[in-house]
Protein chains: 2
Amino acid sequence: MPTAPDDERVALSAFGRRVRELRKELGLSQEELADRADLHRTYVGSIERGERNVALINIHRLAKALGVPPGDLL
Amino acid sequence: MPTAPDDERVALSAFGRRVRELRKELGLSQEELADRADLHRTYVGSIERGERNVALINIHRLAKALGVPPGDLL
DNA sequence: ATGTGACTTGGAGTCCGTT
DNA sequence: AAACGGACTCCAAGTCACA
């Protein structure tokens, strides 16, 4: 997202870092998390790198796969 | 979102209800909230009706406009 | 096992209007 | 003030080949 303002890119990065953090706590690979959340492996990767402006439904899928309430990801 | 599974549409509706709830607490119209969040009037309306799969950046914008942490909206 | 660039497609998001 | 529709633009979603 090259055109997004700074603070908005920061929000995406923070979200990605949080996902990665929780995933590692569970000892999962990106691929395993992707399978649990019914998402693509490379898509999860790009989310963790803060490159994606993830929408609500996928936030819920990730939260469920990570075993936390959705609000915990932001 | 006609193709989305039930529980995912429920998640969108819950989000919309929460936005409407907080907006009314502040005594704002949809248009005033839209202006504060730098979103379009009709878009905020459709979000409140649970018709939109809102993306992360717009969740942040709405949260900011409503004066709550983003996690409070989900 | 993860990063990355490129790609297509569906839907996010805008703008015009009427009810 | 809000719901809703049509027509549009552009980006999120989802996948792939390759590093």
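Order of the sequence lines sets the chain letters (A, B, ...), proteins ahead of strands, with each chain counted from 1.
For the pair B/Asn53 and C/dG10, the criterion of a side-chain N or O lying under 4.0 Å from OP1 or OP2 is not met. Here B/Asn58 does not reach the OP1 or OP2 of C/dA12: none of its side-chain N or O atoms lies under 4.0 Å away. In terms of phosphate contacts, A/Arg41 brings no side-chain nitrogen or oxygen within less than 4.0 Å of OP1 or OP2 of C/dT2. Side-chain nitrogen and oxygen atoms of A/Arg20 include at least one within less than 4.0 Å of the OP1 or OP2 phosphate oxygen of C/dG3.
Spacing between atom CD1 of A/Ile59 and atom C1' of C/dA12 amounts to 14 Å, rounded to whole angstrom units. Rounded to a whole Å, the CD atom of A/Glu32 is 10 Å from the C1' atom of C/dA1. Per the geometry, CD belonging to A/Glu51 stands 9 Å off P belonging to C/dG3, to the nearest Å. In this structure, A/Arg52 places its CZ atom 13 Å from P of C/dT4, rounding to the nearest Å. Summarising the geometry, the separation between OH on A/Tyr43 and P on D/dA13 is reported as 3 Å, rounded to the nearest angstrom. Summarising the geometry, the separation between CD1 on B/Ile57 and C1' on C/dA12 is reported as 12 Å, rounded to the nearest angstrom. Rounded to whole Å, atom P of D/dC16 lies 6 Å from atom NE2 of A/His40. The CD1 atom of A/Ile47 sits 12 Å away from the P atom of D/dT15 (whole-angstrom rounding).
Salt-bridge formation is detected for the pair B/Glu8/A/Arg61: a Lys NZ or Arg NE/NH1/NH2 atom is positioned less than 4.0 Å from an Asp or Glu carboxylate oxygen.
A/Arg18 contributes no side-chain N or O that, together with a main-chain N or O of A/Leu73, makes up a donor-acceptor pair within less than 3.5 Å. Distance alone, capped at 3.5 Å, places no donor-acceptor pair between the A/Arg52 side chain and the A/Tyr43 backbone. In this structure, B/Glu48 contributes its side chain and B/Gly45 its backbone to no donor-acceptor pair below 3.5 Å.
In terms of position on DNA chain D, the residue among B/Arg23 and B/Ala55 whose nearest nucleotide sits closer to the 5' end is B/Arg23. Between B/Glu31 and B/Thr42, the one whose closest nucleotide on DNA chain D sits nearer the 5' end is B/Glu31.
Using a 4.0 Å heavy-atom cutoff across all strands shown, B/Ser46 reaches no nucleic acid atom at all. Residue contacts for A/Arg61: at a heavy-atom cut-off of 4.0 Å it reaches no nucleic acid atom on any strand shown.
Checking D/dC4, D/dA1, C/dG3 against the side-chain heavy atoms of A/Arg49 singles out C/dG3 as nearest.
In this structure, A/Leu33 and A/Val19 have side chains that are in contact, with non-hydrogen atoms separated by less than 4.5 Å.
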